[in-house]
Amino acid sequence: MRIITWNINSLRIRLPHLQRICGQLNPDVVCLQETKVPNDSFPEREIQQIGFPHLHFTGMKSYNGVAILSKIPLSASHTKNWCGKNDCRHISAELPSGTELHNFYVPAGGDTPDPNTNEKFKHKLDFLGEMKEWFATIEPAQRILVGDLNIAPLETDVWSHKQLLNVVSHTQVEVETLDDVMQSHNWIDAVRKFVPKDECLFSWWSYRNRAWPGSNRGRRLDHIWVTQDLAANLKATQIFMEARGWQKPSDHVPVVIDIEE
DNA sequence: ATGGTGGAAGGTCCA
């Protein structure tokens, strides 16, 4: 089974890219973040024409929004509110095997990495804390977690470790908090299972750096994790960089995993 | 120190 996660940054304007990506990669399941579309405007017909009859989504006006598109029927999906906000950052469904698939859009965290002065950064850390707590308390199961986690944990997940140490997405407190979430549930970083830790790996390049891909100032903000018991089922991974070079791209590119299901 | 770009909106807010 091939699963893709992609922060699409507006589903409605990026439908042609979605179609092109699915034509080239032929995924079974696509998990999207930042769909930026309310449920009553979700382009169901267009996506079904791309080849996904089974749609699960939760969206709101202007911001956030997550969706799971599938070629195969999934269980009924669930959404959950985080940090007391109804802001459409999580949706989950079960694959036919019973494996749970969780799609997350973690808050970006604003500009200043200080929870005392920056409410958005506090929200980000609180959100991660709630993830850790929740996964520690629910029933054990085979799980896949994907999404835009808005954190680049390894030194090789950013273009310059030193220059980004005080930049939101790569600060020590974020990396430690994310590690804490991972360890609390025995999550495995599925992509890094295939790519050595000393090799740079990015999934996002800022719109504000027009020199891409020459300067390659990227970060790996998009992740695929699996529970320990699924690690042996992982077959391959891919980061679909070429999509960043297309006309009117998202600032994120799809991250792909092939897993025996 | 600032601004650089893009999306949703039709103000600015958010990334």
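Numbers restart at 1 for each chain; the letters A, B, ... are given by sequence-line order, proteins then strands.
Between the side chain of A/N103 and the backbone N or O of A/A67, at least one donor-acceptor pair lies under 3.5 Å.
Going from atom CG of A/D251 over to atom P of B/dC14 covers 17 Å, rounded to whole Å. When rounded to the nearest whole Å, the span between CZ of A/R12 and C1' of B/dG6 equals 16 Å. To the nearest angstrom, P of B/dC13 lies 21 Å from OH of A/Y207. Summarising the geometry, the separation between CD on A/Q33 and P on B/dA15 is reported as 14 Å, rounded to the nearest angstrom. Atom-to-atom, CD1 of A/I8 to P of B/dG6 comes out at 17 Å; the value is rounded to the nearest Å. Here B/dG6 presents its C1' atom at 13 Å from NE2 of A/H17, a figure rounded to the nearest Å. A straight line from CG of A/N64 to P of B/dA15 spans 7 Å, rounded to a whole angstrom. As a whole-Å value, the separation of A/D222 CG from B/dA15 C1' is 13 Å.
Separation of the C1' atoms belonging to B/dA15 and B/dG4 is 14 Å when rounded to the nearest angstrom. The P atoms of B/dT2 and B/dG6 are separated by 23 Å, rounded to the nearest whole Å. A distance of about 10 Å separates the C1' atoms of B/dC13 and B/dA9, rounded to the whole Å.
Checking A/F104, A/F57, A/F127 one by one against A/H90, the ring-ring contact (aromatic ring centres under 6.0 Å, His included) holds for a single residue, A/F104.
A salt bridge is defined here as a Lys NZ or Arg NE, NH1 or NH2 lying under 4.0 Å from an Asp or Glu carboxylate O, and A/D28 with A/R2 fails to meet this definition. A salt bridge is defined here as a Lys NZ or Arg NE, NH1 or NH2 lying under 4.0 Å from an Asp or Glu carboxylate O, and A/D251 with A/R208 fails to meet this definition.
The 5' end of DNA chain B is approached more closely, in terms of each residue's nearest nucleotide, by A/K36 than by the other of A/Y63 and A/K36. Comparing A/A108 and A/R14 along DNA chain B, the residue whose closest nucleotide (by nearest heavy atom) sits nearer the 5' end is A/R14.
For A/Y105, the listed nucleotide lying nearest its side chain is B/dA15; candidates were B/dA15, B/dA9, B/dG6. Closest contact between the side chain of A/K120 and the listed nucleotides B/dA8, B/dC14, B/dA9 involves B/dC14.
Under a cut-off of 6.0 angstrom, the local environment of CG in A/N166 is sparse, with at most 12 non-hydrogen atoms contributed by other residues, nucleotides or ligands.
The base of B/dA15 sits within donor-acceptor range of the side chain of A/R208, with an N or O pair under 3.5 Å.
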